Each structure stands twice: as structure tokens, then as C-alpha cells.
Number of protein chains: 2
Amino acid sequence: MEQAISFTEENYLKTIYSLARQDKGKIANLSIAEKLHINPATVTEMLKKLNEKNLIDYNRIDGAALTPQGEALALKVIRKHRLWETFLVNRLSFTWDEVHEIAEQLEHIQSDKLIRQLDKLLGFPKFDPHGDPIPDKNGQLPQSQTFPLVSVEEPGTMVKLVGVANHTTAFLQYLDKIKLSLNDKIEVKEIHEFDHSMGIRIANRTAIMISSEVARNLLVSNQ
Amino acid sequence: MEQAISFTEENYLKTIYSLARQDKGKIANLSIAEKLHINPATVTEMLKKLNEKNLIDYNRIDGAALTPQGEALALKVIRKHRLWETFLVNRLSFTWDEVHEIAEQLEHIQSDKLIRQLDKLLGFPKFDPHGDPIPDKNGQLPQSQTFPLVSVEEPGTMVKLVGVANHTTAFLQYLDKIKLSLNDKIEVKEIHEFDHSMGIRIANRTAIMISSEVARNLLVSNQ
DNA sequence: TTTAAGTTCCAGGCAAACCTAATGATCATT
DNA sequence: AATGATCATTAGGTTTGCCTGGAACTTAAA
Ligand SMILES: [Mn+2]
Ligand SMILES: [Mn+2]
Ligand SMILES: [Mn+2]
Ligand SMILES: [Mn+2]
């Protein structure tokens, strides 16, 4: 019984998935409502419906949690989103701050062959233009141990930028302005106790200052 | 006042456009209903709404006709549909019988830059994989004087296949089976008075027989 | 010209996805 | 333990896009 799933339902599943990844605790209806810019009352109705369809387990006490089928669907939508973002940047000359909105539309296109062929065209990429991991066709996420730059304690540490935790146009354009791109080497020169701002050197260029807020949103890996 | 347009509305406009191209007379509500597989009563409601939005002129006597804005929108959707079909065939190894359904979804994606860049990636194609003309960014259709093969009267006439009037999987796969592709040269060898079936030679290969029904759906040009 | 067939329209309904306002439940403080 | 504050749910509505059934037109045939 192949039950149809709507754009709206897919967006709920994706939201629940990402809230579960970051918050680790109970998923509040209110946080779903805020993320989707809708009313909490609407969320309650939809969660009941998704529960009925066995895509989530839901009750007032424990909140919402994806079932295996729900998680598989969420990962499929995320896979499509990130593959399309990669396509837009790598093949259609989009910049990384322009692609999210369009991918929000493209992620709902239904065609298994389309995803498969797109993946192949792009050379089976493991990460999207923001450094986010792309689930493979079985929903498996590539491993990568990243941490926010702000957590670096030792001046002199060398790291590599592998992702961003903030996808807003404002932040991405700021990174463009300071000429910081994915895979750039970053050397932490100094850490100011006072506001935890940092002096960093990008790709051996002149050192610059960044706020702790910026450092919090830069995901890096060792080496 | 940039009023939003829904998928459904776009599909009505596209349908009205294509009915206007082929029928030349009044567009019956019933024919819209049949093409979209919906109830005639629903069509009446939507036509009133589109009239209200100034996308069509509509009244009971004259039926529906696109306004300039309505036609521009219809052409934009058609442009997207045909560009996406071209992308799927030329870049993602789809066959020409597989692409229509997916393009029905992709044609509704909203992003001017996306269309522009896709067009560029594909080398500004003038015709899609079925030989249908692709409107340019100003809604201008490339000219081509085509006629159905069935209208050829003289045996010995040489023509070139430039399009198909029937897009069903069954027909397209039949063409694949007889190894007839777009741009192939076709020589009409014989025309049977009785049922108007034809003996034709494709690309100088062995001659074969085709029914008048097939010949009616092959769009050709001279030379 | 009357009848029949075809087409369009109206009235009334339904489901999906949203809303507001008000009520219930839970949690944190005092 | 009482009191607010916060969060979730219920009840009642709206809009969009669809439906059915029947009435009203229009067109063509008898
Ligand atoms: Mn994104
Ligand atoms: Mn991304
Ligand atoms: Mn098509
Ligand atoms: Mn086509």
C-alpha cells in the first residue's frame, strides 16, 4: 500500500530529523512550529496524522520521534536537497548562498532514477557546498569528525574548514568577503579570553580577527 | 502586485495554450476537463478565477483565451518543461519516453536564474528531445515549417524527421524499435491508396511499412 | 419545432493545511 | 502548595482545489 506523501509532510519529517540531530532531547511542538513558521496548533494536527501513518511515534509526553520508515524518508529528502545544491553550485555556477531556496523546491521532485543519475553526474559527492554530508542511496551518511572552530583552545592549532553551521545569506557572504572557503587551512593565532574572539590566518594570508559567534559557526577538522 | 500562481493554475494556462494552438476554435471547458482529468464543474470555477486574475479572458460564449500575461506565463512553463526534458535526455541519460512525467514536476520550479543557467548549460537548445520548439527567454518560439509525414503525396519524396505529435511511451518505444530517431532522413517509397499506409526507407536502410496513424504522428521537414 | 444530446453552471460538500482564541497540562518559582 | 509562565490541545474557521447531482443553456437531429 504505497501511500502518497505530500510536500508538507516531507518538510515536517525533515524538520523533525534535523531537530533530533541537534537537540538530543524531546522535540517540542513549538520548535517545529518555529522552524516551519507555522502555528503550534497546526503542528499538533500534523503530528497526529504522521503518527497515524507510522512515519513518527508521537505522544504528548515523549514528543515526536521518527520511525525507521519516517527516518528513511527524511534522509531521502535531505539527500535530494544536498545533491541539488551540489548540482547548482558545481554545474550551474550558483554561489553557495543562493542555492538553499531552490533546493527546498527541488527536493520534492519524485523520481528515483533522477536522483541516481544526478548523483552519478556529480561523481557521487559526499558533501554539499556547505560541507553538509550527503546520505547515500541507502540513507548512510559519510563519517567525518568535525567540531566548531570556537572549541579550539590552543593557539597554533591548524585546522581545515569542512562545513558551516549557519546557512544564512548574510553569514555566507561574510565568509566570501573575508575570502574563507570550504577546505581552506586555518591557523589559530590568538584567542582572547575576554570575548573569545580569535585571530586566525586563512591559507597563509594576513591574519584577521573573527568573533566567537563566527567561530561557533565554522565547522573544522584536524590537519 | 506580484500575485502568486499555483501549480494548478500553471497547468491550466499550459493546457489552454496548447488547446488554442491545435484547435483554432473556441476552447471548450469540457476539453480542458478531459485533458486534465478533472470534472467540468471544477474547470468552470477555475476559469472564473483565472479571468479574475487577468490571466485569461473568459465568458460562456467565447470560452477561454489567454491574455498577454497569461500567454507569457504559459510560454515560460513550456520553456521550463522542454529545457528540463532536454537536460534529462542530454545530460542524465534518460530516453525520450521517460522524461515527460518528471518534466511535469520540474516545470513548476520557480527561479529565473535556474532557467537561465540551465539553458546555458545545454547550449541554448532550440528543440527538445521530441522535436518540440523551446521558447526563448522572451517567449519567442523558433520557426520551423513542419508537416505530418502522412501529408506527403509523391513517392520518392525525401524528408527529415524533426518532431513527433504523439508523446506516449507506446509510440516512442515503437519508434525506437524501428530505429527511427529525430533528424533521420526518411524516403517515402510507396503510398497505398487503400489505407494510406506507407513504405518508407529510414537513413538508407531496408524499407519498412508504417500505418497512416504512425505517419500522422511523424512531423517532418523538407530536405 | 420539438426533442435529444452535449455542454456549462450552480449548489452543496469534502480533504488538506493553515489560522485564532480559549482551555488544559506541565513546569519552575516562590 | 500555590502561582504564574510556558507549552500543547481543542474547537471552530478559512482557503484552495477538487467532487457529485441536478438545472440551465446551446446545438443538432428528427
Ligand atoms: Mn540547504
Ligand atoms: Mn546545504
Ligand atoms: Mn513533455
Ligand atoms: Mn517534449
Side-chain angles (χ1 to χ4, degrees), chain A residues 1-16 19-20 23-65 70 73-74 77 104-105 107-108 110, chain B residues 1-16 19-20 23-65 70 73-74 77 104-105 107-108 110:
Chain A
M1 201 189 311
E2 183 68 19
Q3 60 187 344
I5 187 156
S6 68
F7 284 27
T8 304
E9 289 168 331
E10 287 191 338
N11 284 334
Y12 272 85
L13 294 179
K14 209 177 45 147
T15 302
I16 293 165
L19 287 174
D23 286 349
K24 302 285 180 190
K26 176 190 164 182
I27 293 167
N29 289 22
L30 194 63
S31 55
I32 298 174
E34 277 163 3
K35 238 190 164 183
L36 294 175
H37 305 109
I38 56 182
N39 193 285
T42 309
V43 173
T44 301
E45 286 166 13
M46 181 57 92
L47 294 186
K48 280 183 190 167
K49 190 176 150 195
L50 292 174
N51 186 67
E52 214 52 49
K53 285 188 166 192
N54 281 310
L55 295 171
I56 64 173
D57 290 322
Y58 176 65
N59 63 61
R60 190 175 192 147
I61 293 143
D62 306 314
L73 266 172
V77 176
E104 284 292 313
Q105 300 178 59
E107 72 190 5
H108 301 294
Q110 305 282 0
Chain B
M1 202 190 310
E2 182 70 19
Q3 62 189 341
I5 187 156
S6 67
F7 284 26
T8 304
E9 289 168 332
E10 287 191 338
N11 284 333
Y12 271 87
L13 294 179
K14 207 176 47 148
T15 302
I16 294 165
L19 287 174
D23 286 352
K24 303 285 180 191
K26 176 191 164 182
I27 293 168
N29 289 22
L30 195 63
S31 54
I32 298 175
E34 278 164 2
K35 239 190 165 186
L36 294 175
H37 305 108
I38 55 179
N39 194 285
T42 309
V43 173
T44 302
E45 286 166 15
M46 181 57 91
L47 294 186
K48 280 184 190 166
K49 191 177 149 195
L50 291 173
N51 185 69
E52 214 53 47
K53 285 188 165 191
N54 282 311
L55 295 171
I56 65 173
D57 290 322
Y58 176 66
N59 62 60
R60 192 178 190 141
I61 293 141
D62 306 314
L73 266 173
V77 176
E104 284 294 311
Q105 300 178 58
E107 72 189 6
H108 301 294
Q110 305 282 0

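We name chains A, B, ... by the order of the sequence lines, and we start the count at 1 in each one. Just so it is clear, the model here is predicted, and its values are computed rather than measured.
Atom C1' of nucleotide D:dT16 and atom CG of B:L50 are separated by 13 Å, given to the nearest angstrom. Rounded to an integer number of Å, the gap from CD1 of B:I38 to C1' of D:dC19 is 11 Å. Rounded to an integer number of Å, the gap from CG of A:N59 to C1' of D:dT9 is 14 Å. As rounded to whole Å, 7 Å separates atom C1' of D:dT9 from atom NZ of A:K48. The CG-P distance, from B:N29 to C:dT8, rounds to 4 Å in whole Å. We find that CZ of A:F7 is positioned 17 Å from C1' of C:dC18, with the value rounded to whole Å. Atoms CG (A:N39) and P (C:dA22) sit 14 Å apart, rounded to a whole Å. Taking atom CZ on B:R60 and atom C1' on D:dT27, their separation rounds to 13 Å, with Å as the unit.
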side-chain contact (heavy atoms from CB on, under 4.5 Å) between A:Y12 and A:I38, worked out: CA-CA 11 Å; A:Y12 272 85; A:I38 56 182; 2.8 Å; yes
- request: With side-chain contact (heavy atoms from CB on, under 4.5 Å) as the test, would you mind laying out the steps for B:L13 and B:V77 before giving the verdict?
  value: CA-CA 9 Å; B:L13 294 179; B:V77 176; over 6 Å; no
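Among the candidates B:I5, B:L47, B:I16, the single residue satisfying the side chain to side chain contact (heavy atoms under 4.5 Å, CB included) test with B:L55 is B:I5.
Each of B:M46 and B:A41 has a nearest nucleotide on DNA chain D; the 5'-most of these lies closest to B:M46. Position along DNA chain C of the nearest nucleotide to B:P40 versus B:E45 favours B:P40 as the more 5'-ward residue. Mapping A:Y12 and B:A28 onto DNA chain C by nearest heavy atom places B:A28 closer to the 5' end of the strand.
Dashed line: the shortest gap from a side-chain N or O of B:S6 to OP1 or OP2 of D:dT16 is not under 4.0 Å. Listed pair A:T42 / C:dA17 fails the phosphate criterion, with no side-chain N or O lying under 4.0 Å from OP1 or OP2. One finds no side-chain N or O of B:Y58 lying less than 4.0 angstrom from the OP1 or OP2 phosphate oxygen of C:dT8.
For A:N51 (side chain) and A:Y58 (main-chain N/O), a donor-acceptor pair under 3.5 Å exists by modelled atom type.
With rounding to the nearest 0.5 Å, the separation of NE2 in A:H37 from OG1 in A:T42 is 14.0 Å. Annotation: the span from B:E34 atom CD to B:T15 atom OG1 amounts to 12.5 Å, rounded to 0.5 Å.
Inter-axis angle, ends of the helix from C:dT1-D:dA30 to C:dT30-D:dA1, five pairs per end, rounded to 10 degrees: 10°.
Residue contacts for A:T44: at a heavy-atom cut-off of 4.0 Å it reaches a base atom on one of the strands shown.
The shortest distance between side-chain heavy atoms of B:I61 and B:K26 does not fall below 4.5 Å.
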